[in-house]
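Side-chain atoms are counted along with the backbone in the values below, which use heavy atoms only and exclude waters and symmetry mates. This one's a predicted model, so the numbers in the text were calculated from it and none came from an experiment. Throughout, a chain's letter reflects where its sequence line sits, starting with A, and its residues are numbered from 1.
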Amino acid sequence: MPHSAADTVIPLGLGRRGLKGVVVQVGAESSSSTLAAGELERRLLEIGFVEGALVEILHEGPMGGDPIAVKLDDARVALRRREAQAVLVRVSS
Amino acid sequence: MTDAGVFPDAPNQEPVRPKPDSMPRVALVGPPNCGKTALFNALTGSRQKVANYAGVTVERKEGAATAPNGERLLIADLPGTYSLRARSPDEEVTRDVVLGRLTDAHPPDVVVCVVDATNLRLGLRLAQELKAVGRPLVVALNMHDIAMRQGIDIDIARLSVELGAPIVPTVAVRRGGLDALLTEVARLATRAPAASTWHVPNVTELRAEHKEADRIFKAAVTPPKRPDTWTGKLDGVLLHPVAGSAILLLVLFLMFQAVFTWATPAMELIDGGFSALAEGIKAVLGDGLLSSLLADGVVAGVGSILVFLPQILTLFLFIILLEDFGYMARAAFLMDKLMGGAGLHGRAFIPLLSSFACAIPGVMAARVIDSKRDRLATIMVAPLMTCSARIPVYTLVIAAFVPRTSVWGMNLQGLVMFSLYAAGVVSALLVAFVMRRLIWRGGSEPFLMELPAYKRPDAKNVILNLWLRAKVFLTRAGTIILSMMVLIWFLSTFPAPPPGAPGPAIDYSLAGIIGHWMEPVLLPIGFNWQIGVALVPGMAAREVAVGALGTVYAVAGDDVGTLGNVLASHWSLATALSLLAWYVFAPQCASTLAVVKRETNSWRWPVIMFVYMITLAYLASFLTYTVARHFGG
């Protein structure tokens with residue numbers, strides 16, 4: 001998936017380190033998380049993943065690049081790529 | 001997270017309630033990492049009581065504070081949560097206390113919502129939920145100094161108007177704003193609560209609350225001119241795939257060094273002290289039954305547990321420092337993939353690490369894991385990590401049976417010791433993997449965790465938390481563990497041998513009878529009845545088996561060299577290796593089982609733990625013995 005092109009929307013779970021963008025959808029179906037879709041959506045919302053939030057992938061885990069650490073507005077959050085699939089991001093750079 | 005309760009409870013006891021009905025009750029609620037526990041410590045000092053909520057093993061922390069007008073307030077520190085919609089037992093307690101649903105706790109007269117001034121949005125969303133509850137609400141804008149230093153400009157008056165609740169800036173670690181907060185709380189305490197309109201928010205309402213939080217935020221907060229770059233820079237190193245992993249290993253290595261070397265002098269001191277005390281008692285009281293109960297049962301029993309206090313405190317000093325600094329979340333991030341492979345949560349890393357010193361603090365530290373299943377899986381495998389009580393047994397057997405030669409340039413004895421450690425780690429991961437497949441199929445919790453900003457640990461807070469930790473351990477040693485010790489002393493002492501009987505006294509006791517009775521079962525794994533007899537008192541704590549073997553073979557228990565020679569002439573190599581395999585798995589620790597019972601609040605889990613561990617131990621010993629015999633051991 002071309003991550004660099006402007007206005008591309010990708011699941012956060014596919015992003016590489018350095019990806020910056022705006023959250024456009026939370027609770028997308030593409031996640032393979034074992035949680036029920038609604039439950040995952042709520043948890044993501046509760047920790048601050050909400051449409052319009054600024055997001056940037058800061059770090060990738062040492063083994064297989066998973067989990068990822070992201071800057072989410074003023075906070076830093078770590079999550080597995082599996083759950084990050086449910087967050088769609090409009091890439092800004 | 002200190003907020004979520006790394007520091008578990010003391011045994012059940014009634015929290016202090018000087019004037020239950022006259023003192024206004026104040027509940028501290030806030031998201032994890034908002035500095036809520038530090039604020040609670042600053043408000044109540046060491047005048048806090050830690051107990052349990054009825055029926056659940058969630059800690060109940062309460063303490064009294066005095067407002068500037070002289071009014072006394074009863075303050076409760078509730079587990080950290082992002083929402084009143086509870087997902088874990090800890091969060092359920094927060095919800096039920098705030099909503100006044102608990103039968104054993106009055107609903108709070110005032111709710112204090114603690115928010116991190118440097119990370120406001122999440123707190124502002126939670127504050128809206130708390131407003132809906134209808135009880136008088138004050139927002140403590142915590143870590144206000146850090147926000148100011150970063151140049152975050154917060155218009156407090158505006159924030160208060162937009163949110164519709166009074167706001168008091170606080171700096172918990174330097175006691176800033178505490179009087180103002182208490183004054184505000186005392187003022188609101190007389191107000192009657194409104195009816196609660198709170199209900200579990202659906203995703204649409206969550207989004208609306210976020211939008212509202214964002215609106216309030218934009219109206220009252222000017223973003224920093226100098227954002228916090230320290231956390232970013234430190235993360236650049238500490239979360240780096242190579243450098244970060246190397247630093248994590250270094251931290252672990254330091255921790256082990258500390259636990260195994262720094263703690264030794266203190267341990268020897270305690271050990272010597274209790275031995276002297278036991279001898280003193282025997283010298284004064286003579287050889288009677290009472291003297292034996294006091295010296296061999298009570299004093300030796302408590303001593304054999306207290307001797308681990310220096311290790312436990314050293315270990316927890318490290319854990320508290322790393323936790324307060326903000327590193328533990330990073331360690332969990334780095335380890336998550338490895339742990340996740342076994343079906344464990346990244347945070348399971350902390351309790352499993354603690355278990356290398358002793359499974360008891362390890363099991364207690366499993367509270368850092370929110371999900372019940374993940375927590376149970378962690379508790380169940382924690383005793384497989386090689387705790388320090390196994391070391392005396394390993395050392396004795398290895399010294400007696402493994403030659404002091406070199407293999408590929410490495411000391412063979414050291415190599416055997418290392419492989420026993422490795423066997424513990426690998427089997428723990430395997431057992432966790434199998435359990436997640438068999439018992440809790442699917443349903444693995446997501447790894448979704450805030451990485452808090454780095455903070456310098458506050459010395460006072462660290463010492464207070466360490467003291468609470470020591471208190472918990474000591475109370476426990478004084479109750480559950482002591483009664484176990486006395487029971488095992490009873491088994492090893494009664495009935496007394498007939499007068500003039502040959503052989504050691506323990507041979508005639510209940511322990512001896514059980515040992516003989518077990519012989520046919522133990523034969524296939526190469527254990528003789530002497531080992532069987534030693535295994536009974538060895539249930540108290542693993543290292544007690546060394547002393548028990550000494551008693552059975554009528555050798556002075558402390559003289560390990562002599563005992564080793566005796567064992568070498570009585571046992572085959574296959575028997576020795578089989579005993580080592582046994583000790584990797586066997587649930588030879590009554591205290592661990594007792595703590596698991598307490599932590600899970602049911603007998604089910606300690607029973608499952610005992611059964612699976614003893615099955616694995618028997619199979620491993622049988623396999624080891626059979627294979628070793630085959631090769632002529």
### Side chain / backbone / both / neither for B:V221 at chain A, heavy atoms under 4.5 Å
neither

### Message
With a 3.5 Å distance limit and no angle check, can you tell me whether B:D155 reaches the backbone of B:A220 through a side-chain donor-acceptor pair?
### Response
no

### Message
Quick check: closest heavy atoms across B:V29 and B:K36, and the distance to 0.1 Å?
### Response
C-CD, 3.6 Å

### Task
Tell me yes or no: between the side chains of A:E51 and B:H210, is some donor less than 3.5 Å from an acceptor?
no

### Task
Verify whether one side chain among B:Y454 and B:R330 offers a donor that lies under 3.5 Å from an acceptor in the other.
yes

### Query
Tell me, side chain or backbone of A:L45 under 4.5 Å from chain B's heavy atoms, or both, or neither?
both

#### Entry: Which portion of A:L72 sits near chain B, non-hydrogen atoms under 4.5 angstrom
neither

#### Entry: Candidate pair B:E129 and B:R125, rule salt bridge (Lys or Arg N to Asp or Glu O under 4.0 Å), full reasoning
CA-CA 7 Å; B:E129 274 196 48; B:R125 203 200 60 72; 3.2 Å; yes

### Task
Select one option (side chain, backbone, both, neither) describing which atoms of B:P223 are under 4.5 Å from chain A's heavy atoms.
neither

### Query
Judged by modelled atom types alone, do B:Y82 and B:E450 share a side-chain donor-acceptor pair under 3.5 Å?
yes

### Query
What part of B:D235 is in contact with chain A, defined as an atom under 4.5 angstrom from a non-hydrogen atom: side chain, backbone, both or neither?
both

### Query
Relative to chain B, which segment of A:V26 carries a heavy atom at a distance below 4.5 Å: side chain, backbone, both, or neither?
both

#### Entry: Contact class of B:L334 relative to chain A, heavy atoms under 4.5 angstrom
both

